[in-house]
Amino acid sequence: MRRAFSEQLAAAASASGVEVDPGWIRVERVPRGKPGHLGSPLPFKLAGAVGAPPPAVAADLASRIEVDMIPMAVEVTPSGGFVNLTLDLREFFSEVIGSARSGELGRGDPTGKTVVVEHTSVNPVHPLHVGSGRNAILGDSYARILRFLGHEVSARYLVNDSGRQPAVLAYGRSKVRRARPRGKPDHWYGLIYAAANIAFEMRREDLPEDRRRELEEALVDLRRRGGEVVEEVYSSILGDDDPESELTSLMRGYQEGRPDAKALFREVSESVMEGFVETLARLGVSHDAYDWESDLIWNGWVEEAARRIGEAGYLERDGEAAYVNMWRAIREREDVRRAFHLGEGDLERLEREGKLADVVPARFYLQRSDGTWLYTGTDVGYSVYKLEAVGADVVYNVIGSEQRLEQMQVRAGLALCGHDPDRLIHFSYEMVELVGAKMAGRLGRYVTVDEILDEAKKRVMEILGGRKGEVEAEDIAEAVAVGAVRYALVSVDPSKNVTFSWDRVLNLQANSGPFIQYAYTRAGGILRRAGGVPGDFDPGELKSEAEEDLLMRVAEFPSVVRSSADLMRPDLLAQYASDLAAAFNRYYETHRVLGSGGGVEAARLALVDAVRGALGSAMDLIGIPRLERM
RNA sequence: GGGCCCGUAGCUCAGUAAGGAUUAGAGCGGCGGCCUUCGGAGCCGCAGGCCGCGGGUUCGAGUCCCGCCGGGCCCGCCA
């Protein structure tokens, strides 16, 4: 309908001598007090070209538009410099309500496109913290959104088990072979990893004094949390003759598939992953597949990628180490320039200003001189795997903004393997900071997703008091906690850094997950007490401003879903859900539904059901659990 | 040093993608009401803003362009 309106506007414009692209025309909701329902400021744009003042242009355009060609439209009126469209609200509402109630509003037909969303992908060396939580929740929400729009979505987790970090953990683990994990495995291994990592860093000869102090502080905290095990890992690595080369040989052994290394690494990584899966399941985050980095190496995908880059003529060696000659590639190939988002002439400009090295490092290393693969190398292999083995048309990598350069390098690698780099898209988000300090997994300093969920749940239990049976209270508290945490992490624009605050995450009032859940249960409550919604109703009975406003918001749902997908902004849906919940609460305070009688009651029940449908869909897309009672 | 991102009430954030019909909106915190016929995890009101600063483009700029200031990130044979 909006499209039909745009097309009519474009046709009218062309009749008066100006060609415009219908997609370029803005159509928005008309503010209160102005005529019509949808309006466009197009006349302002055209005024210059036509040589007439905007109101005259508006009148001219309005007179040329064929109202009959626009579904559900009754009238077109000029209003100042705007052209406004009046809808047949009865027909419009009847359609919106119908599709909102069935949950189909905004859902896309199958597109036949396969889309990979890689998200979470935390190295299995310490528990999930708020930062990884943001990734998991953004990624999971985005996967849900794309699925809703009709794409075949495969959500995937890259288990990074072959790099230096897992090797540090495995090495630390080897120092306390007999110890049995206590508590949740990812938390226990997190302590070992941090202890080992600190030991490695402490041995560096050029360690600056302030860094040493920081490490010592972290160690004190670790000892307090982990006791003997921490101490043993730390002191035995400090006492080793040459832990660096042992680490290297361990890593090489694993990448080559040596049985002893394999047993050690897999034991460690698999236990940590068990902990992750448990936490992610609590959050309602799911993956269709876990791809192990080591498998990609053993199955030859990584080697194959390197081979193709070599075949293309851009793989060079520095001893055993292998790297891509990026400058030559970017000079010679348009697709590699595109991988770095460089347009026509950008390269020349960078070269002229001597800034090429600042934007594009000359060498992109795939392999170390000891023959082991770097993360960057396996990532190129993985990207090829996603396109060829998984069959993705497009891949979204949900990865922190600090990996922006690496992601462009991988895109370049993909181009050199013969694929269009634009099929790999970096869904970037900024980091979560703690108030006083930065989070540092390597030092064991983080706020974990588990403790946030537990704390949120505890607070909800307090509010629930004795109101519910114990089992029911548990379930409700868990669902509310999940809603609170997910909302807190999904509701901020991914491009902004967020400072972690307990107040924000544990907020149960307006502008929160629980606020949305509450509005949803209220709507459900009305419908439940009514014992069903009459099949027949007349939307003409919905006459008040609040009702019109509420329905217009429901009607906006499809375009919000579309925007959140196109812009990679799941937060738009969180905002939408919160606004719709608030509008519903206001409506609830001022309009009695049950007992309003006859046709009015039937229409209001249908409206409530429509709100419940749209709100429920929005909640599903950002993973806020629907609750019937709370 | 260079590149990318961010800078809106005391605090946490919407609004910037496609500049428009507002008087720039929420929440938290503060103050005051609704002392609950559909569930009060709610609703209503008050106080609180040179939209970082300075230029420019435009009929119109929080939104676009340029410069500056402040914060974050990247520039590893780490991930």
Side-chain angles (χ1 to χ4, degrees), chain A residues 23-28 30-34 39-41 44-45 47-48 53-54 79-82 84 121-123 125 160 163-165 318-323 341 350 353-355 357-361 363 365-370 372 374-377 379 399-406 428 430-431 433 438 441-442 460 463-464 480 488 491-493 495-499 501 503-504 507-512 514-515 517-519 521-530 563 566-567 569 571-572 574-575 578-579 582 585-586 588-596 604 608 629-630:
Chain A
W24 175 80
I25 297 172
R26 284 201 75 153
V27 174
E28 52 208 25
V30 167
R32 211 167 290 263
K34 304 284 176 185
S40 173
F44 288 100
K45 310 286 182 207
S79 165
F82 291 81
N84 291 357
S121 301
V122 181
N123 291 355
V125 295
N160 204 298
R164 187 186 154 93
Q165 290 190 22
D318 177 2
E320 278 290 296
Y323 62 89
H341 305 291
L350 287 172
E353 294 171 0
K355 287 181 182 169
D358 295 323
V359 178
V360 184
R363 296 178 173 190
Y365 276 91
L366 304 178
Q367 204 172 12
R368 297 184 183 87
S369 43
D370 64 14
T372 57
L374 284 153
Y375 162 73
T376 42
D379 213 9
I399 298 181
S401 69
E402 71 276 8
Q403 296 216 49
R404 196 187 146 80
L405 171 62
E406 190 267 354
S428 167
E430 289 291 337
M431 40 187 359
E433 291 156 341
K438 274 186 63 176
R442 297 178 190 197
V460 178
I463 291 177
L464 251 32
V480 172
S491 62
V492 215
D493 181 340
S495 74
K496 300 200 184 197
N497 355 22
V498 296
T499 303
S501 93
D503 284 350
R504 179 188 177 77
N507 175 24
L508 308 177
Q509 299 173 353
N511 191 16
S512 74
F515 173 81
Q517 289 172 310
Y518 185 66
T521 60
R522 268 183 152 181
I526 293 174
L527 299 169
R528 198 164 46 242
R529 288 196 47 156
S563 303
D566 293 348
L567 301 173
R569 294 273 311 269
D571 60 297
L572 298 179
Q575 191 69 33
S578 179
D579 287 347
N585 277 333
R586 280 193 296 275
Y588 183 92
E589 297 289 333
T590 51
H591 292 66
R592 180 75 199 176
V593 175
L594 296 180
S596 54
R604 289 186 175 175
V608 170
R629 294 167 204 281
M630 62 189 282

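If you're wondering where the values come from, they're calculated on a predicted model, not measured in any experiment. Here is how names work: the chains are called A, B, and so on, in the same order as the sequence lines, proteins then strands, and each is numbered from 1.
- For A:Asp579, the side chain to side chain contact (heavy atoms under 4.5 Å, CB included) test picks out A:Arg553, A:Gln575, with sequence neighbours left out.
- At the heavy-atom level, A:His591 lies under 4.0 Å from base atoms of the strands shown.
- Distance from the side chain of A:Arg529 is smallest for B:G39 among the nucleotides B:G42, B:G20, B:G39.
- Closest non-hydrogen pair, A:Gly39 versus A:Val30, comes out as N-CG2, 3.6 Å.
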### Task
Let me have RNA chain B in dot-bracket notation, would you? Count Watson-Crick plus G-U wobble pairs, both distances under 3.5 Å, and use [ ] for pairs crossing earlier ones and | for inter-strand partners.
(((((((..((((......[....)))).(((((.......))))).....(((((..]....))))))))))))....
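- Rounded to whole Å, the C1' atom of B:G49 lies 8 Å from the corresponding atom of B:U8.
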Close N/O contacts between protein and nucleotides 8-14 of chain B (under 3.5 Å):
from, atom 1, to, atom 2, distance (Å)
B:U12, O2', A:Arg504, NH1, 2.5
B:A14, OP1, A:Asp493, N, 2.7
B:A14, OP2, A:Lys496, NZ, 3.0
B:A14, O2', A:Gln575, OE1, 3.4
B:A14, O2', A:Gln575, NE2, 3.3

Atom pairs, protein N/O to nucleotides 64-67 of chain B N/O, distance under 3.5 Å:
none

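- For the side chain to side chain contact (heavy atoms under 4.5 Å, CB included) test, residues two or more places apart in sequence or in another chain that qualify with A:Phe44 are A:Pro41, A:Pro54, A:Phe82.
- Applying the salt bridge (charged side-chain N to carboxylate O under 4.0 Å, His left out) test to A:Asp318 and every residue at least two apart in sequence or in another chain returns A:Arg363.
- Rounded to an integer number of Å, the gap from A:Lys45 NZ to B:G60 P is 13 Å.
- For the residue pair A:Arg504 and A:Ser491, the shortest heavy atom distance occurs at NH2-OG, 3.3 Å.
- A distance of 6.5 Å separates OG in A:Ser563 from CG in A:Leu572, rounded to the nearest 0.5 Å.
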### Verdict with supporting geometry, A:Asn585 and A:Phe515, side chain to side chain contact (heavy atoms under 4.5 Å, CB included)
CA-CA 10 Å; A:Asn585 277 333; A:Phe515 173 81; 3.4 Å; yes
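- Spacing of C1' atoms, B:C77 relative to B:C73, comes out at 22 Å, to the nearest Å.
- Distance CZ (A:Arg404) to P (B:C5): 6 Å, rounded to an integer number of Å.
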Please list, for nucleotides 77-79 of chain B, all pairs of protein and nucleotide N/O atoms separated by less than 3.5 Å.
from, atom 1, to, atom 2, distance (Å)
B:C77, O2, A:Ser369, N, 2.5
B:C77, O2, A:Ser369, OG, 3.1
B:C77, N3, A:Ser369, OG, 3.1
B:C77, N4, A:Asp318, OD2, 3.3
B:C78, OP2, A:Arg368, NE, 2.5
B:C78, OP2, A:Arg368, NH2, 3.1
B:C78, O2, A:Arg442, NH1, 3.4
B:C78, O2, A:Arg442, NH2, 2.4
B:A79, OP1, A:Arg368, NH2, 3.0
B:A79, OP2, A:Tyr375, N, 3.1
B:A79, O3', A:Asn123, OD1, 3.4
B:A79, O3', A:Asn160, OD1, 3.3
B:A79, O3', A:Asn160, ND2, 2.8
B:A79, O2', A:Asn123, ND2, 3.3

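- Rounded to whole Å, atom C1' of B:G42 lies 10 Å from atom CD of A:Gln509.
- Distance CG (A:Leu464) to P (B:A41): 10 Å, rounded to an integer number of Å.
- When the side chain to side chain contact (heavy atoms under 4.5 Å, CB included) test is applied to A:Asp358, the partners found at least two apart in sequence or on another chain are A:Lys355.
- Among residues two or more places apart in sequence or in another chain, the salt bridge (charged side-chain N to carboxylate O under 4.0 Å, His left out) test is passed with A:Glu28 by A:Arg26.
- Taking atom P on both B:G67 and B:C31, the two are 47 Å apart, rounded to the nearest angstrom.
- Here A:Phe82 lies in heavy-atom contact (under 4.0 Å) with a base.
- Qualifying salt bridge (charged side-chain N to carboxylate O under 4.0 Å, His left out) partners for A:Arg522, counting only residues two or more places apart in sequence or in other chains: A:Glu589.
- Note on A:Pro41: a base of the nucleic acid sits closer than 4.0 angstrom, heavy atoms only.
- Atom CG of A:Asn84 and atom P of B:G20 are 15 Å apart (whole Å).
- Going from the C1' atom of B:A9 to that of B:C50 covers 13 Å, rounded to whole Å.
- A:Gln403 CD to A:Thr376 OG1: the interatomic distance, rounded to the nearest 0.5 Å, is 10.0 Å.
- Not counting sequence neighbours, the partners of A:Asp493 by the side chain to side chain contact (heavy atoms under 4.5 Å, CB included) test are A:Ser495, A:Lys496, A:Arg569, A:Asp571.
- The neighbour count for A:Glu402 CD, taken as heavy atoms of other residues, nucleotides or ligands under 6.0 Å away, is above 12.
- Remark: the separation of the P atoms in B:C6 and B:G52 is 13 Å, to the nearest Å.
- Here B:C73 is the nucleotide among B:C73, B:G27, B:A41 with the atom lying nearest to any side-chain atom of A:Met431.
- The interatomic distance linking A:Asp358 (CG) with B:G1 (P) rounds to 12 Å, in whole Å.
- Among all heavy-atom pairs drawn from A:Arg604 and A:His591, the shortest one is NH2-CD2, 3.6 Å.
- Nucleic acid contact for A:Ser563: base, since at least one base atom lies under 4.0 Å from a heavy atom of the residue.
- Going from the P atom of B:G62 to that of B:U23 covers 11 Å, rounded to whole Å.
- Heavy atoms of A:Ser79 sit under 4.0 angstrom from at least one base atom.
- Residue A:Asn507 is classed as a sugar-phosphate contact, given heavy-atom separations below 4.0 Å to backbone atoms only.
- As rounded to whole Å, 9 Å separates atom P of B:A41 from atom CD1 of A:Ile463.
- Here the separation of B:G56 from B:U12, taken at their C1' atoms, is 33 Å to the nearest Å.
- Looking at heavy-atom distances under 4.0 Å, A:Arg592 makes contact with a base.
- Under 3.5 Å, the side chains of A:Arg592 and A:Ser596 contain no donor-acceptor pair of N or O atoms.
- Between B:U63 and B:G20, the two P atoms lie 11 Å apart (nearest whole Å).
- For A:Arg522 and B:U36, the CZ to P distance is 15 Å, given to the nearest whole Å.
- Considering only side-chain atoms of A:Leu405, the nucleotide from B:C5, B:C75, B:C43 that sits closest is B:C75.
- When the ring pair (Phe, Tyr, Trp, His ring centres under 6.0 Å) test is applied to A:Tyr375, no partner is found at least two apart in sequence or on another chain.
- Here A:Tyr588 lies in heavy-atom contact (under 4.0 Å) with a base.
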